[in-house]
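Below, read A as the first sequence line, B as the second, and so on, with proteins coming before strands; counting in each chain starts at 1.
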Amino acid sequence: MKVELPGIAAPLIDWQKRHGRHALPWQQTRDPYRVWLSEIMLQQTQVATVLGYYDRFLARFPDVASLAAAPLDDVLALWAGLGYYSRARNLHRCAQAVMSDFGGAFPPSAAQLVSLPGIGRSTAAAIAAFCFGERTAILDGNVKRVLTRVLAFEDDLASTTHERRLWAIAEQLLPQDQGIEAYTQGLMDLGATLCSMRQPLCNSCPLSDLCEAHRQDRTEQFPVKTRKVKRSRRANALLWLQQGDAVWLVQRPDTGVWAGLWSMPEFEDLEAAEAWLGDWPGERQPLPVVRHVLTHFDWELSPLRHTLPERTGPKRLERLQRTWPTGKWVTLADLPAHGLPAPVAKLLR
DNA sequence: CACGCGTGGGG
DNA sequence: TCCCCAAGCGT
């Protein structure tokens, strides 16, 4: 069955050139390193948030070689607060793969890029389009919204089959021979500005004449997505051990929540933390609970702050190190050099 | 294929 | 208070 698809490329490209975004820090360059870094940071993350990280990261790691040579811990420290920390791990692994497998230059095709850690189909396409002018389709949250509306695409995107069908359509909608950069950027810009989730600004949209959802006055009904992950609840205790101006921090395991970041020792509950401390001398005080929301659960963290006397016996300090082999005392001044989870950084501050 | 994985903002 | 979402990917 042959289905007629609307010609969105020409009006979209024209609109992007006139009204799209052109001055973001990762634009005006075809350097794959800079584009790649921005694409990874922007995964599931809004532009406004990334703006606070991108330049700082680039100043510390100006090229793929410097990133590949750095300790992972330094990379995580710069990523701290951005979330989805596996991105930072994969970023680091990817930089090393580019050095070892591609001689320090990103491969110039989406097909090769997608084989690198942290680069999926959409990110590979974005890099290939922006840096190498490859005619290939992206399909992120913005593009899904724009395309499902233009087409009045009724199928549930929670289904892999339906999403695959939308990918195929995205490929067919690409401009025939020119303007893949402006087209790709235009889809993102449109989704991020006019074609918003609620109350889209159809009056200003270059595609409104072609848009089936707009014609039916049903824009807010697309995209169709049923996925509903119910968020669970967890409660734990954090042991805030203070000595002088230093805090006892431990590096979290390299899998799970906040993988590889520095945090305070975590306990099942306040009682368990109390029990571990036993009769240790010093001032002990439970602090108000910290509520933190992650994608899959609400977390209630109850900090137990314990200030050790200046002269604390070596036996006790040895027990600390034995219980948490990765642990160490970190002074206030050294906190910024460590990757702390957002709520932990806030608590310590 | 379903789920794990952060954080901040908006309605 | 609660739900949804944001330039998704890996397992």
**Start and end of chain A contact along DNA chain B [non-hydrogen atoms, under 4.0 Å]** = dC1(B) to dG11(B)

**Prompt:** Going by number, which of residues 22-30 of chain A have a non-hydrogen atom under 4.0 Å from DNA chain B?
**Reply:** none

**Asked** If you measure from the P atom in dT11(C) to the same atom in dG6(B), how many Å do you get, rounded?
**Response** 14 Å

**Request:** Would you check if the side chain of S38(A) reaches a backbone N or O of V35(A) as a donor-acceptor pair within less than 3.5 Å?
**Result:** yes

**Message:** Please report the distance, rounded to the nearest Å, between CG in L157(A) and C1' in dC4(C).
**Reply:** 15 Å

**Request:** Using a strict cut-off of less than 4.0 Å between a Lys/Arg side-chain nitrogen and an Asp/Glu carboxylate oxygen, indicate whether D298(A) and R291(A) qualify as a salt bridge.
**Result:** no

**Check: Q28(A) side chain, H22(A) main-chain N or O, donor-acceptor pair, under 3.5 Å** = yes

**Item:** Cation-pi check, R234(A) onto F297(A) ring (under 6.0 Å, within 45° of axis)
**Value:** yes

**Message:** For DNA chain B, please output the secondary structure as dot-bracket, reading 5' to 3'. Pairs are Watson-Crick or G-U wobble, both atom distances under 3.5 Å; mark crossing pairs with [ ], other-strand partners with |, unpaired with a dot.
**Reply:** .||||.|||||

**Asked** Residues in side chain to side chain donor-acceptor pair (under 3.5 Å) with Q221(A), at least two apart?
**Response** R218(A)

**Members of residues 177-204 of chain A that approach DNA chain B, where some heavy atom sits under 4.0 Å away** = R198(A)

**Prompt:** Within the distance-only criterion (no hydrogens, no angle test), does the side chain of R135(A) pair as donor or acceptor with the backbone N or O of P175(A) below 3.5 angstrom?
**Reply:** yes

**Item:** NZ/NE/NH1/NH2 to OD/OE distance under 4.0 Å, E181(A) and R30(A)
**Value:** yes

**Asked** Quick one: H296(A) NE2 to dC2(C) P, roughly how many Å, whole number?
**Response** 19 Å

**Message:** Between Q243(A) (side chain only) and P309(A) (backbone N and O only), is there a donor and an acceptor less than 3.5 Å apart?
**Reply:** yes

**Prompt:** For V293(A), which contact category applies under a 4.0 Å heavy-atom criterion: base, sugar-phosphate, or nothing?
**Reply:** base

**Message:** If you assign T295(A) and R233(A) each to the DNA chain C nucleotide with the nearest heavy atom, which residue ends up on the more 5' nucleotide?
**Reply:** R233(A)

**Message:** Donor-acceptor check, side chain of S122(A) to backbone of L139(A), threshold 3.5 angstrom: yes or no?
**Reply:** yes

**Request:** Please state how far atom CD in E220(A) lies from atom C1' in dC4(C), giving the value in whole angstrom units.
**Result:** 13 Å

**Asked** Taking H214(A) for the side chain and N203(A) for the main chain, is one N or O donor matched with an acceptor at less than 3.5 Å?
**Response** no

**Asked** Got a sec? Which of residues 33-67 of chain A come in under 4.0 Å of DNA chain B, heavy atoms?
**Response** Q44(A), T45(A)

**Message:** Under 3.5 Å, is there a donor on one side chain and an acceptor on the other for R87(A) and N90(A)?
**Reply:** no

**Request:** Would you please name every residue forming a side chain to side chain donor-acceptor pair (under 3.5 Å) with H338(A), sequence neighbours left out?
**Result:** K328(A)

**Message:** Roughly how many Å apart are dC5(B) and dC2(C), using the P atom of each and rounding to a whole number?
**Reply:** 22 Å

**Message:** Run the side chain to side chain contact (heavy atoms under 4.5 Å, CB included) test on V247(A) and L241(A) for me, step by step, so that the C-alpha distance in whole Å, both residues' side-chain angles and the decisive distance to 0.1 Å come before the verdict.
**Reply:** CA-CA 6 Å; V247(A) 188; L241(A) 211 48; 5.9 Å; no

**Asked** Going by atom types alone, do W240(A) and Q242(A) pair a side-chain donor with an acceptor below 3.5 Å?
**Response** yes

**CD (Q216(A)) with more than 12 external heavy atoms under 6.0 Å** = yes

**Item:** Phosphate contact (dA6(C) OP1 or OP2) by R145(A) side-chain N/O below 4.0 Å
**Value:** yes

**Prompt:** Looking at D155(A) and R165(A), does any basic side-chain N land under 4.0 Å from a carboxylate oxygen?
**Reply:** yes

**Prompt:** Does any pair with a residue in residues 116-174 of chain A pass ring-ring contact (aromatic ring centres under 6.0 Å, His included), and if so which ones, sequence neighbours excluded?
**Reply:** none

**Prompt:** Who passes salt bridge (charged side-chain N to carboxylate O under 4.0 Å, His left out) against R319(A), sequence neighbours left out?
**Reply:** none

**Request:** Can you sort out which residues in residues 106-130 of chain A have a heavy atom within less than 4.0 Å of DNA chain C? Ascending by number, please.
**Result:** L116(A), P117(A), G118(A), I119(A), G120(A), R121(A), S122(A), T123(A)

**Message:** Testing the 3.5 Å rule here: is there a donor-acceptor pair between the side chains of Q96(A) and D101(A)?
**Reply:** no

**Item:** Partner set under salt bridge (charged side-chain N to carboxylate O under 4.0 Å, His left out) for E220(A), not counting sequence neighbours
**Value:** none

**Request:** Starting from C1' on dC4(C), measure out to CD on Q221(A) and report it in whole angstrom.
**Result:** 17 Å

**Message:** Distance check needed: dC3(C) P versus R231(A) CZ, whole Å only.
**Reply:** 7 Å

**Prompt:** Hey, does the Lys NZ or Arg CZ of R34(A) hover above the aromatic six-ring of W26(A), less than 6.0 Å from the centre and inside 45° of the axis?
**Reply:** no

**Request:** Check DNA chain C against residues 82-89 of chain A and give the residues with a non-hydrogen atom under 4.0 Å, in numerical order.
**Result:** none

**Residue mapping more 5' on DNA chain B - nearest nucleotide basis, T160(A) or A259(A)** = T160(A)

